[in-house]
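In what follows, a single structure is set out as structure tokens and then discussed.
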Amino acid sequence: MDCVFCKIVAGEIPADIIYRDEEVIAFRDINPQAPVHLLIIPGKHIPSLADLTEAESSLVARMINIANQLAVKEGVSEGGYRLVINCGEQGGQLVPHLHMHLLGGRQLSATLG
Ligand code: 5GP
Ligand code: ZN
């Protein structure tokens with residue numbers, strides 16, 4: 001499949017992977033928008049939040065839990081951070097493989113775009 005994040009999961013293109021289990025992997029964004037900018041993704045190819053089935057919804061809860069743990073490890077938990085999932089074209093999603101952004105380490109804008 002021609003999906004950049006599936007290729008990262010498969011090890012076909014390099015990434016700075018900082019977490020991996022049987023369902024979820026996390027790596028640093030190639031174009032960071034904050035001092036800490038991680039992407040937390042399911043290993044399975046789910047195109048977007050809009051494609052998530054009810055049976056898969058616990059995966060997003062796991063992604064949030066892992067993001068919270070990574071925020072502690074990256075030292076941004078106390079100062080605060082933002083988790084974002086863009087969905088679809090108007091939602092600003094560019095990579096069609098479900099992913100959550102973790103942004104922290106600077107004061108983020110109060111506006112949401
Ligand atoms: P989106 O706009 O789809 O929510 O965010 C996609 C994110 O993936 C962007 O922040 C972009 O910098 C990141 N990204 C795109 N291609 C790659 C890649 O090959 N490696 C890494 N590490 N990040 C990528
Ligand atoms: Zn994919």
Side-chain angles (χ1 to χ4, degrees):
M1 190 185 294
D2 197 25
C3 167
V4 63
F5 288 177
C6 281
K7 286 180 179 163
I8 288 174
V9 172
E12 289 166 12
I13 63 170
D16 189 358
I17 295 171
I18 55 168
Y19 177 88
R20 175 168 218 137
D21 66 28
E22 59 289 341
E23 285 182 327
V24 175
I25 82 165
F27 49 92
R28 294 189 196 281
D29 197 290
I30 205 167
N31 182 23
Q33 304 298 307
V36 174
H37 187 173
L38 309 181
L39 297 171
I40 297 101
I41 76 167
K44 176 183 178 184
H45 183 82
I46 298 169
S48 84
L49 211 48
D51 301 294
L52 192 76
T53 65
E54 197 175 346
E56 289 165 335
S57 58
S58 63
L59 194 55
V60 175
R62 286 211 63 227
M63 288 162 62
I64 292 172
N65 195 258
I66 290 160
N68 288 340
Q69 292 172 39
L70 292 174
V72 173
K73 273 198 185 149
E74 295 286 318
V76 298
S77 189
E78 277 192 25
Y81 55 98
R82 181 173 294 166
L83 302 181
V84 176
I85 300 179
N86 296 325
C87 179
E89 193 180 342
Q90 288 202 340
Q93 183 181 5
L94 294 176
V95 175
H97 181 130
L98 176 62
H99 53 280
M100 178 181 291
H101 298 258
L102 187 164
L103 296 151
R106 68 169 169 84
Q107 181 64 51
L108 298 171
S109 157
T111 60
L112 286 173

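In each ligand, atom 1 is the first atom listed, and ligand 1 is the first ligand listed. By convention here, the first residue in the shown sequence is residue 1.
Neither the backbone nor the side chain of Asp16 comes within contact range of ligand 1; no heavy atom lies under 4.0 Å. Of all the heavy atoms of Ile8, the ones lying under 4.0 Å from any atom of ligand 1 belong exclusively to the side chain. Contacts with ligand 1 closer than 4.0 Å are made by heavy atoms of both the backbone and the side chain of Leu94.
Side-chain N or O atoms of Arg62 include none that pairs as donor or acceptor with a backbone N or O of Pro42 at under 3.5 Å. Under the 3.5 Å distance criterion, the side-chain polar atoms of His37 are left unmatched by any main-chain donor or acceptor of Ile30.
The shell of residues lying under 4.0 angstrom from ligand 1, judged by heavy atoms, excludes Gln33. Judged by the shortest distance from any of its heavy atoms, His101 lies inside the 4.0 Å radius around the atoms of ligand 1. Heavy-atom separations between Ala15 and ligand 1 are all 4.0 Å or longer.
Those atoms of ligand 1 that come under 4.0 Å of a heavy atom in Asn31, given as number and element, are 12 (O). Applying the 4.0 Å criterion to heavy atoms of Asn86 picks out, from ligand 1, the atoms 1 (P), 2 (O), 4 (O).
By the 3.5 Å distance cut-off applied to N or O atoms, Ile30 is counted among the residues near ligand 1. Between Ile13 and ligand 1, no pair of N/O atoms sits closer than 3.5 Å. For His37, no nitrogen or oxygen atom sits less than 3.5 Å from a nitrogen or oxygen atom of ligand 1, counting backbone and side chain alike. Of the polar atoms of Val95, at least one N or O is found under 3.5 Å from an N or O of ligand 1, judged by distance alone. Checked against a 3.5 angstrom limit, the closest N/O atoms of Gly92 and ligand 1 fall inside it.
Among protein heavy atoms, atom 7 (C) of ligand 1 sits closest to Asp29 OD2, 3.4 Å.
The nearest pair of heavy atoms linking Arg82 to Thr111 is NH1-O, 4.1 Å. Of all non-hydrogen atoms in Ala15 and Ile8, the two that sit nearest each other are CB-CG2, 3.6 Å.
Annotation: Glu22, atom CD; neighbour count of heavy atoms from other residues, nucleotides and ligands within 6.0 Å is above 12.
The hydrophobic clustering, which links ILVMFWY residues whose side-chain heavy atoms are closer than 4.5 Å, places Met63 and Val9 apart.
Below the 2.8 Å limit, the Zn ion (ligand 2) has as protein N, O or S neighbours Cys3 SG, Cys6 SG, His45 ND1, His97 ND1.
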